[in-house]
Amino acid sequence: MRYSKYFVHTLYEAPKEAETPSHILLLRGSYISSAASGIYSLLPLGHRVAEKVKRIIREEMDGIGGIEVTLPVLNPAELWKQTGRYDDIGPELFRIKDRKDRELVLAMTHEEIITDIARQFLRSYRDMPVMLYQIQTKIRDEARPRAGLLRVREFFMKDAYSFHWDFDDLDAYYPRIFNAYLRIFARCGLQAVPIEADSGIMGGSGSHEFMLESPSGEDQFVVCPKCGYRANTEKAVGLKPATGDLPGDPPAMEKTPTPRVKSIADLMAFFGLPEERFLKTIAYEADGELVLAVIRGDFEVSDTKLTNHLKAIHLDMAPEALLAKKGLHAGFLSPVGLKGVRIVMDDSVSGKALYVAGGNEPDVHLKNVLPGRDFQVAEVLDIAEVRIGDVCGACREGALEIRRGVELGHTFKLGSKYTDAKAMDVTYLDARGEQRRVIMGCYGIGVERLAASVVERWNDDGGILWPITVAPFEVLLVAIGQKPEVAERAEAIYNRLARRFELIYDDRNESPGVKLKDADLLGIPIRVVVSQRLMKTNEVEVKVRKTGEVIICSQDEVEAVLEKLRTDLQPSLEGLPYMPEA
RNA sequence: CGGGGCGUAGCGCAGACUGGUUAGCGCACCUGCCUUGGGAGCAGGGGGUCGGAGGUUCAAAUCCUCUCGCCCCGACCA
């Protein structure tokens, strides 16, 4: 490929809307072009990178027996109504109508379509296990696109769906996906860390997010430096230090007037007690029903954990009106003496300590409240957000840390959420002729996000440092020197190398500085310079972009040198945290 | 959806507060000369409904009102 005939239009200065490294460099290198908020064109260079990433994904998915399909972006709304997601998902889902007024949605993911196909074709246990995948456009009306390609409204997603006889079959299959994911990211030059994730209303028995640790990431996850435990912040469990000991003869509960004292901060000042001596009672509206969550004052309720426990679709703070209907008052809530309201309590609250709680009437709090004696709650479990520094719930030693990262992929054991009788009702006949329910898993990777994450990880002051596996070209050939023989020699080398390498030849009539700066910016992993200086000795310079290593070799040796470099520059697949396969 | 910021040539910016001939500068782009190991030089040139609409005024990029778009933080995120 000749640079002068290709489509490269680098920018000296980055457009001011770009702030993260990948956004800046992809714009400056003319890899992408913005069409609207969260909507990008992949220019030729960006297109090539995306295609490289897709190729790696295909190889790995095919390698574990995946079968590629193409599913439609336009989906009939009926399917989404069958699974309930038409109503459960907010404005993120594009809903449109065709000319005949038929309702359609633009698919943000493809469980509905694929499950409909499973329903049509998977009849026998002989048809499973099977995994279908595609690499195709997803459309989501994101509330806030950001950071160039890291969060967008239209993108390529590799989405895979596996179908199984039962959970055991899914469990047996899952490590293959998990390990293929690790290989995909590693081959793209990224060390993705798998973390335990929340499976939310997706249900099922397991889920992992594959994170790239990065300051540009928008997701947070918890890490134990001691034992390596990693989990999504929403899911992580930390140990909760006990509240102090109970005196031998606990005093009785006592009403205390507390005019206009509502917040924990105010209460601490009023009673002169530390945070953990208070019970916070927070009112939620879960799918229309009032639910109270009780937690110790030094913890916060995790909406996700509570939502999961309640199996709720929508969880919001309860409006005053809903509280008023039960005669309750925000700021003075308490589980003491309440009847007819569902109460969930965090296990931070101990039956061996006295607390201050609300009085369930305005301007009154209760002192010396002893859980178990003064009130009973049936549902006690962990609904607390993990805190930085909490002791790791896995090894009971390390202090938990919080890191930022980009979610590169997500794997779910879906179970029967979509195949259930209440949803799309997908069954098959087993070997004994009995009708059984199909069990599913689903697995996604965002292609552009992965490419942009590679740039986040691999860049320097000069530009991008593409791993050779995803670089738009493997080799950049530059001619420096104006004498005709330099161009002739470069041409000859170009013609030779073009047969064996993905090669771009900078044949522009530009000054050396311009060509070399552009070479750095574009980030092609291997640069070959033919120059007047080196002509005398029939040599060329080979430079590795990532390491800066320079090899001066004779013109005849170039191919051998490049072949070796191409091999040496392959990312390593050693030492990945593979999940044991059965 | 809440908070903040920005819209002047492809990109980066000045001009605006204090309204006044043809709206400037750098880079990029075109032509010619010259130049080739880290974003050269000289000369000439093209490119603008100043985001849009309405208003105030003899006169609006500049003042007022509305509106649209873009970015950042937060909420949200199958």
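Quick note: numbers below take in every heavy atom, side chains included, and nothing from hydrogens, waters or symmetry partners. Below, chain A is the first sequence line, B the second, and so on; all start at residue 1. Here the structure is a predicted model, which means the values were calculated and not measured.
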message = Distance to the ring centre below 6.0 angstrom and angle to the axis at most 45 degrees; does that hold for A:R95 and A:Y86?
response = yes
request  = Ignoring the backbone of A:L534, work out which of B:A78, B:U35, B:G37 is nearest its side chain.
outcome  = B:G37
remark   = The nucleotide from B:C13, B:G38, B:C70 with an atom nearest the side chain of A:A36 is B:C70
base_contact_polar ([N] base, [X] side chain, donor-acceptor, <3.5 Å):
X	N	answer
A:S531	B:G37	yes
A:R28	B:G39	yes
A:E541	B:G37	yes

Does a side-chain N or O of [X] approach OP1 or OP2 of [N] to a distance below 4.0 Å, or not?
X	N	value
A:R533	B:U36	no
A:R144	B:C73	yes
A:S511	B:A40	yes

Roughly how many Å is it from [atom1] in [X] to [atom2] in [N], rounded to a whole number?
X	N	atom1	atom2	answer
A:Y40	B:C70	OH	P	10 Å
A:K16	B:C71	NZ	C1'	9 Å
A:E92	B:C76	CD	P	13 Å

message = Quick one about A:Y181 and A:R176 (side-chain donor to acceptor, distance below 3.5 Å, no hydrogens or angles considered), yes or no?
response = no
inquiry  = Given A:E539, which partner from the list A:V529, A:V530, A:I551, A:L534 fulfils the side chain to side chain contact (heavy atoms under 4.5 Å, CB included) test?
reply    = A:L534
ask   = Under the criterion side chain to side chain contact (heavy atoms under 4.5 Å, CB included), which of A:H23, A:E407, A:E456 is the partner of A:L150?
value = A:E456
Pick base, sugar-phosphate or nothing for [X], based on heavy-atom distances below 4.0 Å to the nucleic acid.
X	answer
A:A14	sugar-phosphate
A:A147	sugar-phosphate
A:E510	base
A:R527	base

key: A:V406 backbone acceptor or donor facing A:E218 side chain under 3.5 Å   = no
inquiry  = Using atom P in both nucleotides, what's the gap between B:U49 and B:U56 to the nearest angstrom?
reply    = 25 Å
